[in-house]
Amino acid sequence: MRRGMPTWIWRLAMVLVLLCCIVSLLYMLACTPKVEDGQPILPRVSGTTGKDNFQVLLEEREQQHRNYITSLKRQIAQLKEELQERSEQLKAAQDHYGDSLGVHIDRSSPEKTQAGLLEFLHSQIDKAEVYSAVRLPTEYSVIPFESFTLQKVYQLEMGLTRHPEEKPVRKDKRDELVEAIEVALEFLNTPEDEGATNQRMHAAADFVEGIYRTEKDKGTLYELTFKGDQAHEFKRLILFRPFGPIMKVKKAKVDTSNMLINIIVPLAKRADKFRQFMHNFREVCIRLDGRVHLTVVYFGTEQMTEVKSILEYISREANYRNYTFILLKEDFSRGKGLDVGARAWKGNNVLLFFCDVDIYFTAEFLNTCRLNAQPGKKVFYPVLFSQYNPTIIYGGHDSIPPIEQQLVIKKDSGFWRDFGFGMTCQYRSDFINIGGFDLDIKGWGGEDVHLYRKYLHSDLIVIRTPVRGLFHLWHEKRCVDELTPEQYRMCMQSKAMNEASHAQLGMLVFRHEIEAHLRKQRHKTSVKKT
């Protein structure tokens, strides 16, 4: 509606001009006497009869003029009334849009108009969630980001035709993201000091990843990450498109070399899964990243010895001492485990990554975690890609490839787990200040949503986006009878979502019909051959 306002006012102005032309035309018609076909304007005067006829004709003409004048006055009055009404509508429209958009429309001064429009565009940034958080009523009110690289877009809203990972085939979307990267590069390569001559020029190859989201009444926010000048250094640019040209908002250097991540894993039993988790931890966190502390909060004593031996073996084999093992002799509670692990840290403010034992992540994700969390400012809630049952995907146990080959973002291999809020990156200070987890929640589910809602109601910005380096590995889910009805419903819903895609589940449901059809086809073929 706002974008169409100038066109609406232009049409209204054209109507006013047309009305003025009609008034002028009526005046001209009123001043021109009517002439019948083949009859002179004034008859010849000859004799008495001619004088009488002339007098009658003058009276008729005079009456006709009176009638025309009366009709004309009536039409002029109607036009004046309509003109007044239209003028009031135009003034009301100018006042309404000028107030609501923060723009004073002054057509007498193009410079003032341009300044007003620029003021409005800048006000769009202030209204959007760029510099400060907007308090939201529920978890469904947050507008999630979507992420992208030079080749792919990772999106949540798929519908029936889109894919979780795809090339931006739509020209408008492709042009939009390319323009954002080009503007960012121009901004990045512009020297801050005019005398600077040794500044390194960045290219598209330096682009690491970006996230973006559109608030439909404000504009599109882009946060783009480029490689920095040193190892573990990045450059982060924030751009904003307020339904017009992109505006340069901020350029900042982000040094992640000293950003330690404390990965907290609550655990009970599941030693085999922990062994798989530690294999990935050794490759990613110890060998590639080197800036990670591991906190394992273990519940109970069953399989505890095996879990501790796995930790000690990795510690010896990789010369890794940066871990903490906490034993709680009580029933498993994920919220309690994460809360205890977070509060057990005694060092400086640290970035926490709440994780589960069935999560697989990459070194790129750890940098994404560092870049999207900021103490007192932002918390990061990534949407991970959840793997379907490999037995169903690959058609049997014998066909399942190694885990690294299974982790592909495709429609038939998994889905964006947009209903899960358990994996999150946030600073310990923010977690403590928000009040931590609700420790009254026992067992599976609920504690993560409760914490997520508290952040939505706070002054912190919640970054919600799918990430390409965070996976939930499939495992059989058991929903025990001890769960509350709400927890049991959530557990069963998660279990159903984890098994397979819509099409794959359909093939399982109708497999007897499919097998019967194949048998009939084979029978027909054998009959034809005989």
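Since we're looking at a predicted model, the values are computed, not measured.
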Worksheet item: Among pairs that include at least one residue of residues 219-230, which meet side-chain hydrogen bond (donor to acceptor under 3.5 Å, both in side chains), considering only residues two or more places apart or in two chains?
Response: E176-Y222, R200-D229, T214-T220, Y222-R241, E223-R236, T225-R236

Practice prompt. Run the numbers on E499 and W474 for side chain to side chain contact (heavy atoms under 4.5 Å, CB included), then give the verdict.
Written response: CA-CA 8 Å; E499 282 301 306; W474 182 88; 3.4 Å; yes

Just by modelled atom types, is the [Y] backbone N or O under 3.5 Å from a matching donor or acceptor in the [X] side chain?
| X | Y | answer |
| --- | --- | --- |
| W416 | P164 | yes |
| T190 | E186 | yes |
| H232 | T256 | no |
| N189 | H202 | yes |
| R282 | E317 | no |
| R428 | A342 | yes |
| N498 | Y388 | no |
| D339 | G436 | no |
| D356 | D358 | no |
| E330 | F299 | no |

For residues [X] and [Y], report the shortest heavy-atom separation together with the two atoms involved.
| X | Y | value |
| --- | --- | --- |
| P466 | Y154 | CG-O, 3.4 Å |
| N372 | K378 | O-CB, 3.9 Å |
| Q521 | T525 | O-OG1, 2.9 Å |
| V467 | P382 | CG2-CB, 3.8 Å |
| G376 | D430 | N-OD1, 3.0 Å |
| F240 | V130 | CD1-CG2, 4.2 Å |

Worksheet item: Which residues satisfy the disulfide bond (SG atoms under 2.5 Å apart) test with C369, sequence neighbours excluded?
Response: C425

Worksheet item: What residues form a disulfide bond (SG atoms under 2.5 Å apart) with C355, not counting sequence neighbours?
Response: none

Item to complete: Tell me, with the steps shown, if L338 and V297 meet side chain to side chain contact (heavy atoms under 4.5 Å, CB included).
Response: CA-CA 8 Å; L338 294 172; V297 182; over 6 Å; no

At what distance, to the nearest 0.5 angstrom, does [atom1] of [X] lie from [atom2] of [Y]?
| X | Y | atom1 | atom2 | value |
| --- | --- | --- | --- | --- |
| R522 | H517 | CZ | NE2 | 10.0 Å |
| I261 | Y427 | CD1 | OH | 8.5 Å |
| D418 | R464 | CG | CZ | 7.0 Å |
| T149 | E209 | OG1 | CD | 9.0 Å |

For a 4.5 angstrom cut-off between non-hydrogen side-chain atoms, does [X] reach [Y]?
| X | Y | result |
| --- | --- | --- |
| M259 | L351 | no |
| I403 | N280 | no |
| F325 | M304 | yes |
| K336 | L439 | yes |
| F385 | L407 | no |
| E515 | H512 | yes |
| I463 | F145 | yes |
| I393 | D412 | no |

Worksheet item: Please, which pairs that meet ring-ring contact (aromatic ring centres under 6.0 Å, His included) have at least one residue in residues 354-375, sequence neighbours excluded?
Response: F353-F361, F353-F365, F354-F431, F354-F437

Worksheet item: What residue pairs, at least two apart or across chains, pass ring-ring contact (aromatic ring centres under 6.0 Å, His included) with a residue in residues 266-288?
Response: F281-Y320

Worksheet entry | Check: F226 ring centre within less than 6.0 Å of F187 ring centre | no

Above 12 or not: heavy atoms from other molecules or residues under 6.0 Å from [atom1] of [X]?
| X | atom1 | value |
| --- | --- | --- |
| K269 | NZ | no |
| N258 | CG | no |
| N349 | CG | yes |
| K253 | NZ | no |
| K308 | NZ | no |

Worksheet entry | Short N-O contact, E364 and R468, less than 4.0 angstrom | no

Worksheet item: Charged N to carboxylate O below 4.0 Å: is that the case for E129 and K218?
Response: no

Worksheet entry | Counterpart residues, ring-ring contact (aromatic ring centres under 6.0 Å, His included), relative to Y488 (two or more places apart) | none

Practice prompt. Might you work through the side chain to side chain contact (heavy atoms under 4.5 Å, CB included) test for L221 and I238, ending with a clear yes or no?
Written response: CA-CA 7 Å; L221 173 65; I238 299 176; 3.6 Å; yes

Fill in: Partner residues of S315 under the side chain to side chain donor-acceptor pair (under 3.5 Å) criterion, sequence neighbours left out
R321

Using the test salt bridge (charged side-chain N to carboxylate O under 4.0 Å, His left out), find all partners of [X] that sit at least two apart in sequence or belong to another chain.
| X | result |
| --- | --- |
| E513 | none |
| E283 | R287 |
| D289 | R291, R370 |

Worksheet item: Going through the checks in order, is the side chain to side chain contact (heavy atoms under 4.5 Å, CB included) test met by Y455 and Q426?
Response: CA-CA 10 Å; Y455 280 121; Q426 55 197 268; 2.4 Å; yes

Worksheet item: Y452 pairs by ring pair (Phe, Tyr, Trp, His ring centres under 6.0 Å) with which of F419, F380, Y381, Y140?
Response: Y381

Fill in: Contact list for residues 271-345, test disulfide (SG to SG under 2.5 Å), sequence neighbours left out
none

Practice prompt. Keeping to residues at least two apart or across chains, list the disulfide (SG to SG under 2.5 Å) pairs with something in residues 200-231.
Written response: none

